[in-house]
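Note that the structure is a prediction, hence the values are computed from the model and not measured.
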Amino acid sequence: MSDSLQVTFWGVRGSIPVPGSSTVKYGGNTPCVSVTTDDSCIILDAGSGIREMAVYLQKNKKTYKNYNILFSHFHHDHLLGFQFFYPLFTEGATINIYAPTLESKYNVREILELQLKRVFFPVKLHEIKSKINYYDFKPGDSLTIDDFKVKTVLLNHPNYAAGYAISRKGKKIVYLTDTEMVNRIFSKQTDYETTTIRDLNHKLNSYADKLIDISYNADVLIFDSQYTEEEYESRQGWGHSTFSDAMFVASRAEVKKLYFFHYDPFHSDEFLDNHFKYLKEEYSYYFDNIDIRMAKERVVVKVK
Amino acid sequence: MSFFNIDCTRMTDLSGYNLVEVSGDVNIHYRAELEKFFKKHLKNDFKNYIVYFNNVNYMDSIGLAIIIDFYKKVVKSKKSFFIVNNSEAVKKVFELTGLHEILDIFVSLEDLKKTLKEGNV
């Protein structure tokens, strides 16, 4: 028996599942990451990857007292696997669902009820056998889940999202996905020399500071890396970051390990391999100081 | 159903001020309309502006960015720029960007008018 923290990637893709021969290496499932110990289980997002996790648990006859599912937000790619998480249908299992109150007029229970309307899925939420508890929180709140301390932060994304820093016994895992660096959207003009404008430009960097603050000294940072710098130019306002945004935050936050995450569905294994090689050459400073890796489905990270 | 509207009128009871009324969803989908609107106003002589957000349902950071570009140009021309907002959705994006600490924001037009008339800004 080990008491160490384990991070497992079950889905690392953004937007839509992309199974097929070009995504075998990194995987085609949408976001789901588990943070577990022998006794406790936190699941970050319920994209299609959550089914892989459920199958693994079944095959290995592994059960937990509680399954704590934390949603970053409710865009489809983060929600679509929910009803394929088999412990939902196990009598006696307890599922705790945590979700941020964002711009939606619905709370988490109502959103899941919508997703499980008969027109979309044959089983309704109230027909599920496990016991489900719902917890809505405001991004910025701190949560205690089993023996984990969880800090939350509001993320800049269409209709917003929440990021999480999960700590336990001095170890910290941070999950920041579906976030766009606010200062990159605003005009780059710096020719206005009034104090007001200088203050304003300075303030716009405070979003990055929030992400750096919550990530500070993390053992593992999992960060939105949907676009390359070139792609980002035509995708401003879509609510996602670039690989170099991820490295910038990781470096400033002095994290130990950075995992690129939430890959664009158009990014094949070959593309990602080539881009990673390019980043290693172009941004060697970051690579010299941080252990930077590509998130891959089924990769297990032991945090000791 | 999503909608968006923006309109600019001269204020009759506050000399030298224009009121920009925004309503609906101020997001990436209306980027072109927003940019066109502000470009049109940038061609004219700058006035003092009050931007009224109380009828906005949702604003994303792209919407805010365009408005802030306009703000920068107004401030550069040494005119005044005030915001009226009691919309929670807009408040959220101001808080996210930290701009609520920089901009002059009032919850109602009456509050702003009263403050201006008393000469407190």
For chain B, the option from A:Asn156, A:Asn205, A:Val182 that forms the most heavy-atom pairs under 4.5 Å: A:Asn156

Could you tell me how the ring of A:Tyr135 sits relative to the ring of A:Tyr98: parallel (under 30°), tilted (30 to 60°) or perpendicular (over 60°)? parallel

Could you tell me whether B:Lys39 and B:Glu35 make a salt bridge, using a distance below 4.0 angstrom between a side-chain N and a carboxylate O? no

Between B:Asp60, B:Ile28, B:Leu96, B:Ile62, the one whose heavy-atom pairs under 4.5 Å with chain A are most numerous: B:Leu96

Under 4.0 Å between a side-chain nitrogen and a carboxylate oxygen: does that hold for A:Glu229 and A:Arg184? yes

Residues forming a salt bridge (Lys or Arg N to Asp or Glu O under 4.0 Å) with B:Glu95, sequence neighbours excluded: none

Counting heavy atoms not belonging to A:Ile16, are there more than 12 under 6.0 Å from its CD1? no

Are there residues of residues 82-91 of chain B that reach to under 4.5 Å of chain A by heavy atoms, and which ones? B:Ala89

Please report the closest heavy-atom contact between A:His157 and A:Trp238, naming both atoms and the distance. CE1-O, 4.0 Å

Just by distance, no angles: are the side chains of A:Glu180 and A:Tyr232 close enough, under 3.5 Å, to form a donor-acceptor pair? yes

Would A:Thr179 and A:Tyr207 satisfy side-chain hydrogen bond (donor to acceptor under 3.5 Å, both in side chains), going step by step from the backbone distance to the final call? CA-CA 10 Å; A:Thr179 176; A:Tyr207 180 69; 2.5 Å; yes

In terms of heavy-atom proximity below 4.5 Å to chain B, should A:Asn159 be classed as side chain, backbone, both, or neither? both

Is there a donor-acceptor contact under 3.5 Å linking the side chains of A:His240 and A:Glu231? no

Among residues 97-112 of chain B, those lying within the under-4.5 Å heavy-atom range of chain A are B:Thr97, B:Gly98, B:Leu99, B:Glu101, B:Ile102, B:Leu103

Between A:Tyr175 and A:Phe261, is the ring-ring contact (aromatic ring centres under 6.0 Å, His included) condition met? List the steps. CA-CA 10 Å; A:Tyr175 181 73; A:Phe261 186 72; 5.6 Å; yes

Would A:Thr242 and A:Asp245 count as having a side-chain donor-acceptor pair, cut-off 3.5 Å? yes

Would the distance check show the side chain of A:Asn107 and the main-chain N or O of A:Arg109 forming a donor-acceptor pair, the cut-off being under 3.5 Å? yes

Atom CD of B:Glu118 and atom CG of B:Leu116: how far apart are they, to the nearest 0.5 Å? 10.0 Å

At under 4.5 Å between heavy atoms, what parts of residues 73-80 of chain A are in contact with chain B? List them by residue number. none

What I'd like to find out is whether the side chain of A:Phe223 reaches to under 4.5 Å of the side chain of A:Leu211, using heavy atoms alone. yes

